[in-house]
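The structure under discussion appears below in the form of structure tokens.
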Number of protein chains: 2
Amino acid sequence: MARRAQTSTAVLGALAIGPLTGYEIRQAITTVLGHFWHESFGQIYPCLAELEADGLIAATPGERAGSRRFEITDAGRGRLRDLLLEPAPPQAPRNGVLLRVFFGRELPDGAMTDLLDDVATEARTRLATYAGIRAGIAADPEYATHGRFWEATIRAGELSAQATIAWVAEVAPSLTT
Amino acid sequence: MARRAQTSTAVLGALAIGPLTGYEIRQAITTVLGHFWHESFGQIYPCLAELEADGLIAATPGERAGSRRFEITDAGRGRLRDLLLEPAPPQAPRNGVLLRVFFGRELPDGAMTDLLDDVATEARTRLATYAGIRAGIAADPEYATHGRFWEATIRAGELSAQATIAWVAEVAPSLTT
DNA sequence: GGGCACATGTAAGCTGTTACATGATTAA
DNA sequence: TTAATCATGTAACAGCTTACATGTGCCC
């Protein structure tokens with residue numbers, strides 16, 4: 001029931017937008033959702049089997065032999081709604097960069113500069129990626145109904161990346177001797 | 001070796017600032033480090049035992065019967081340095097709020113408003129907490145040597161919280177019908 | 001003498017990751 | 001015909017959480 005609740009939410013949510021095969025769910029999660037949500041592939045198929053057994057999704061034969069395309073059922077849509085209404089479980093923070101900055105005095109000269117440079121570069125790359133995703137989703141036929149939610153999600157990523165870049169610019173002078 | 005690398009980093013890092021008992025490490029991790037780093041208490045004592053066996057930390061009897069205060073050894077300081085120089089392992093993102101926003105079309109009326117309100121409130125609470133932590137660390141005798149690193153860490157939290165508040169203000173109008 | 005903060009530790013169980021195994025279809 | 005992509009699945013393992021077990025010292 002509640003054990004794989006978050007994985008179920010992601011899978012049911014994806015299927016609420018349109019029917020997909022397990023492989024396609026996996027792809028959707030790595031490309032679009034991948035920037036704020038992660039699923040281990042080893043969990044998707046067991047999760048699909050469980051959801052199907054519970055009547056929350058239904059399979060139709062896919063184009064290829066052996067492949068199955070899943071659709072969300074009315075019961076599944078109700079369950080998704082319930083799952084989305086539950087408060088988001090707090091993610092235990094494990095920020096490796098901040099851990100290194102916090103103990104930064106133990107870092108040899110130059111290492112802090114490298115670390116901060118990498119962080120800023122990564123944030124800039126993320127910004128570019130978001131721009132690409134934005135262009136991609138705008139072409140999606142579901143954009144009319146889901147677009148504003150997708151845009152808001154990407155916007156969170158952009159503001160976060162910009163905050164990171166601003167942070168590096170602000171603290172670098174005092175941390176790099 | 002590499003299995004508990006991140007926990008070792010946090011523990012060695014804490015002991016590099018000053019000698020602590022297991023209990024005090026636990027406290028330090030929940031209060032100051034807690035906002036960007038999490039350790040399960042069940043891991044601290046096994047980790048301490050391992051580090052002691054490897055000669056990276058050394059125990060002296062604490063004030064109370066049975067308690068032990070740990071100090072970092074020279075070997076431990078070298079190991080900490082190596083650990084800090086390793087790139088921070090990427091944390092798989094699992095942002096429950098963004099997952100809910102992304103699938104926001106499935107949310108009933110009003111739920112999105114509540115969700116965003118909660119997010120903004122939580123971010124404001126975090127800002128207030130950071131102000132408290134700032135006041136606390138400024139009084140620490142180690143502030144002179146470590147202060148700028150601690151300040152930079154807190155600053156990252158502040159900028160992140162501010163970005164969250166700005167995000168809610170920006171996207172709320174388009175998401176709450 | 002009761003409650004709280006200090007202090008240390010373990011063990012069961014759950015979750016999630018990794019690596020592997022298998023095979024169909026399509027493009028070069 | 002070979003490589004890449006599509007497609008499904010499992011099983012072993014690593015890591016983490018939770019709950020429990022135990023005891024000291026201080027203050028009211």
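No experiment lies behind these values; they were computed from the predicted model shown. Naming: A, B, ... by sequence-line order, numbering from 1 per chain.
Residues meeting the side-chain contact (heavy atoms from CB on, under 4.5 Å) test with A:Ala28, sequence neighbours left out: none. The salt bridge (Lys or Arg N to Asp or Glu O under 4.0 Å) check on A:Arg77 picks up B:Glu106, with sequence neighbours excluded. Partners of B:Ala14 under the side-chain contact (heavy atoms from CB on, under 4.5 Å) rule, at least two apart in sequence or in another chain, are B:Leu20. Residues forming a side-chain contact (heavy atoms from CB on, under 4.5 Å) with B:Thr153 (at least two apart in sequence, or on another chain): A:Leu98, A:Val101, A:Phe102, B:Phe36. For A:Thr113, the side-chain contact (heavy atoms from CB on, under 4.5 Å) test picks out A:Asp117, A:Thr176, with sequence neighbours left out. Evaluation of the salt bridge (Lys or Arg N to Asp or Glu O under 4.0 Å) rule for A:Arg69 yields A:Glu24, A:Glu63 as partners, not counting sequence neighbours.
Screening residues 86-100 of chain B for salt bridge (Lys or Arg N to Asp or Glu O under 4.0 Å), with sequence neighbours left out, gives A:Glu39-B:Arg94. Sequence neighbours left out, the pairs with a member in residues 115-141 of chain B that pass ring pair (Phe, Tyr, Trp, His ring centres under 6.0 Å) are B:His35-B:Tyr130. Residue pairs satisfying the salt bridge (Lys or Arg N to Asp or Glu O under 4.0 Å) criterion with at least one member in residues 157-173 of chain B, sequence neighbours excluded, are listed as follows: A:Arg155-B:Glu170, B:Arg134-B:Glu158, B:Arg155-B:Glu158.
Whole-Å rounding puts the A:Tyr45 OH to C:dA19 P distance at 18 Å. Separating the CD atom of A:Gln6 from the C1' atom of C:dG16 is a distance of 14 Å, rounded to the nearest angstrom. Summarising the geometry, the separation between CD on B:Glu50 and C1' on D:dG15 is reported as 13 Å, rounded to the nearest angstrom. The CZ atom of A:Arg68 sits 14 Å away from the P atom of D:dA7 (whole-angstrom rounding). Atom CG of B:Leu51 is separated from atom P of C:dG9 by 13 Å (rounded to the nearest Å). Regarding B:Ile44, its CD1 atom lies at a distance of 12 Å from the P atom of D:dC16, rounded to whole Å.
In terms of modelled atom types and a separation under 3.5 Å, the side chain of B:Asp54 and the main chain of B:Leu56 share no donor-acceptor contact. At least one donor-acceptor pair under 3.5 Å links the side chain of B:Trp167 to the backbone N or O of A:Ala152.
Nucleic acid contact for A:Arg94: sugar-phosphate only, since backbone atoms but no base atoms lie under 4.0 Å from a heavy atom of the residue.
Taking a 4.0 Å limit (strictly below) on heavy-atom distances, residues 11-38 of chain B reaches DNA chain D at B:His38.
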Produce the list of close N/O pairs, under 3.5 Å, pairing protein atoms with atoms of nucleotides 18-25 of chain D; give distances to one decimal.
{"unit_1": "D:dT24", "atom_1": "O2", "unit_2": "B:Arg64", "atom_2": "NH1", "d": "2.9"}
{"unit_1": "D:dG25", "atom_1": "O4'", "unit_2": "B:Arg64", "atom_2": "NH1", "d": "3.3"}

Would you sketch DNA chain C in dot-bracket for me? Only Watson-Crick or G-U wobble pairs with both distances under 3.5 Å count, crossing pairs as [ ], other-strand pairs as |, the rest as dots.
||||||||||||||||||||||||||||
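Both B:Phe70 and B:Ala92 lie near DNA chain C, and the one whose nearest nucleotide falls closer to the 5' end is B:Phe70.
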